[in-house]
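Input: a single structure, listed below in structure tokens.
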Amino acid sequence: MNCKTLVVELEDYLDEELDSELRTSIEVHLAKCKNCKLIVDTTKKTIQIFCNSEPAPLSEDTRHRLHDALVKKLGRPRA
Amino acid sequence: MSTPKMNATGEKSPQTRAPLPSQVVKEDEPILVAAAKAGDISAFETLVSRYERKIFRLAQNITQNREDAEDVMQEAFLKAYEHLSGFQGNSRFYTWLVRIAVNQALMKLRKRRPNQVSIDEDVNTGNDLIPREIEDWGPSPEERYKQSELAGILNSTIADLDPPFRIVFQLRDIEELSTEETAEALGLSVPAVKSRLLRARLKLRQKLDRYFRRSENQ
């Protein structure tokens with residue numbers, strides 16, 4: 001395993017879809033290569049930050065328009 | 001064919017992501033869907049309230065246009081209601097709803113920019129993926145920013161990605177669809193989803209680096 005081959009396998013490594021042999025080989029490389037370790041750690045962090053980000057509340061106007069559209073379709077005001 | 005990393009509740013492994021309470025699939029979803037299918041309007045309204053913010057964000061991230069995003073959200077919920085009887089429950093209701101919203105959003109995007117957006121065209125995922133001179137971010141770099149500042153950073157960062165990468169990232173890493181579900185929703189092959197996702201993740205990592213690197217913040 002080297003830096004180039006790690007990138008080829010990185011997608012499956014991040015998604016935990018590698019067999020144990022390949023996974024171990026990557027982890028051995030990561031223990032030696034500071035650059036690749038930082039790439040993996042900061043990429044995991046990137047995914048985590050986006051995944052954990054909460055969607056902003058809808059504006060009142062947007063909620064009202066959604067409400068009106070649903071009333072028309074569903075036939076009665078939302079609770 | 002790769003195996004989606006989902007646990008029994010349909011959530012991804014917590015090793016790389018720790019879902020917030022609002023992201024965890026609520027156990028009552030199948031009950032609400034069954035009630036809505038049987039004509040209980042308030043059950044459908046509960047589903048709308050639960051997912052409206054996420055569907056709006058999804059639409060906003062795909063279309064990059066607030067007005068279009070609002071239309072997409074409305075159309076997605078109306079279509080979901082209209083076709084609810086055809087929902088077989090083979091996937092989560094939310095996954096089904098996301099697919100409807102993605103279709104609506106892609107139609108908007110293509111209508112607005114007919115010559116610029118093709119999600120299924122070959123894209124250059126390039127061989128220049130190995131970044132150099134990486135810096136550590138520290139354990140919780142996002143905590144250096146207020147919630148609203150962080151939201152602004154994430155929005156502008158994802159907006160900078162080209163649509164084929166942005167949409168795949170949105171479905172896989174924000175909406176947490178599996179690789180196979182993402183491929184099906186977008187009409188792409190599994191390898192195409194994987195290569196776009198890797199490119200998107202590394203691009204976003206690179207873009208966030210300027211905000212999160214330790215040396216910029218000490």
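To find a chain, count down the sequence lines: A is the first, B the second, and so on, and within it residues start at 1. All heavy atoms count here, side chains included; hydrogens, waters and symmetry mates do not. Because the structure is a prediction, the values reported are computed rather than measured.
For an aromatic pair to be called close, the ring centres must be under 6.0 Å apart, and B:Tyr51 with B:Phe77 fails this.
Atom CD of B:Gln147 has 12 or fewer heavy atoms from other residues, nucleotides or ligands within 6.0 Å.
Per-residue counts of heavy-atom pairs under 4.5 Å with chain A were compared for B:Gln60, B:Glu175, B:Glu82; the largest is that of B:Glu82. The choice from A:Ile49, A:Leu10, A:Thr42 that makes the most heavy-atom pairs within less than 4.5 Å of chain B is A:Thr42. Ranked by heavy-atom pairs under 4.5 Å with chain A, the list B:Glu142, B:Lys207, B:Gln170 is led by B:Glu142.
With a threshold of 4.5 angstrom between heavy atoms, B:Gln74 approaches chain A through its backbone and through its side chain. Heavy atoms closer than 4.5 Å to chain A are found in both the backbone and the side chain of B:Leu197.
There is a side-chain donor-acceptor pair under 3.5 Å between A:Glu27 and A:Tyr13. Side-chain contact check for B:Arg172 and B:Thr179: at least one donor-acceptor pair (N or O, by modelled atom type) lies under 3.5 Å.
A salt bridge does not link A:Asp15 with B:Lys194: none of the charged nitrogens is closer than 4.0 Å to a carboxylate oxygen.
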